[in-house]
Enquirer: 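Dumping the structure here so I can ask a few things about it.
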Amino acid sequence: MTALRKKNPQGELAKLINTSTSVIGRYERDEMAPSIEAVRKIAKILSSTVGYLLDETEQENLFKAPSIHKRLNEIEKMERKNKNHILYAIDAFTKSVKLKNITALKIKKLGKSGL
């Protein structure tokens, strides 16, 4: 949160969520946990997501794209069996892409080393 908040002074953020700068500092130092409502407000103000602020993802805007939200909501509503099939396919595709990227990197390194 601190990195995102640098765009907004603590005092400004505190004012926007009706709290004090000391409370914002305590959130940032993990000395105090904000309420879910406070996290929602902070995420909106900082143009981020609740998931990012709660360290559930490393990307601050991962789930802000409406197209991703729509797809995830559709998957979530499915029967467990269908959901598992889709997640299996996503996992397999992700693994395949990662392997291709690793292979391409290795080939690139070999090319640079003159082998």
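Note that the coordinates shown come from a computational prediction; the quantities given were computed from them, not determined experimentally. All values below come from the heavy atoms of this structure, side chains included, with hydrogens, waters and symmetry mates left out.
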Enquirer: Count the heavy atoms belonging to other residues, nucleotides or ligands that lie under 6.0 Å from NZ of Lys15, then report whether that count exceeds 12.
Expert: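 For Lys15, atom NZ is not crowded (no more than 12 foreign heavy atoms under 6.0 Å).
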Enquirer: Side-chain heavy atoms under 4.5 angstrom apart, residues restricted to Ile, Leu, Val, Met, Phe, Trp, Tyr: same cluster for Ile36 and Ile45?
Expert: yes
Enquirer: Within this structure, what is the OG-CD distance for the pair Ser20 and Gln10, rounded to the nearest 0.5 Å?
Expert: 9.0 Å
Enquirer: What's the spacing between Leu87 CG and Met78 CE if we round to 0.5 Å?
Expert: 9.5 Å
Enquirer: As an exercise, state the distance from OG of Ser96 to CG of Asp91, rounded to the nearest 0.5 Å.
Expert: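 It is 12.5 Å, given to the nearest 0.5 Å.
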Enquirer: Do the non-hydrogen side-chain atoms of Leu13 and Thr21 ever get within less than 4.5 Å of each other?
Expert: no
Enquirer: Which distance, rounded to the nearest 0.5 Å, do you find between the OH of Tyr52 and the OG of Ser47?
Expert: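 The OH atom of Tyr52 sits 13.0 Å away from the OG atom of Ser47.
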Enquirer: Could you state the interatomic distance from OG1 (Thr49) to CD1 (Ile42), rounded to the nearest 0.5 Å?
Expert: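 Those atoms lie 12.5 Å apart.
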Enquirer: Should Glu31 and Arg29 count as an ion pair when the cut-off is N to O under 4.0 Å?
Expert: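 Salt bridge between Glu31 and Arg29, a charged N being under 4.0 Å from a carboxylate O: yes.
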Enquirer: Do Ile17 and Ile24 have side chains that approach each other closer than 4.5 Å (heavy atoms only, starting at C-beta)?
Expert: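 Result yes, sub-4.5 Å side-chain heavy-atom pair found.
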Enquirer: Using 0.5 Å steps for rounding, measure from the CG atom of Leu46 to the CG atom of Leu53.
Expert: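 Reported value, rounded in 0.5 Å steps: 6.5 Å.
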Enquirer: Tell me whether Glu37 is salt-bridged to Arg40, with the criterion being a basic N under 4.0 Å from an acidic carboxylate O.
Expert: yes
Enquirer: Could you check if a side-chain atom of Lys41 sits within less than 4.5 angstrom of a side-chain atom of Leu16, using non-hydrogen atoms only?
Expert: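 Side-chain contact under 4.5 Å: no.
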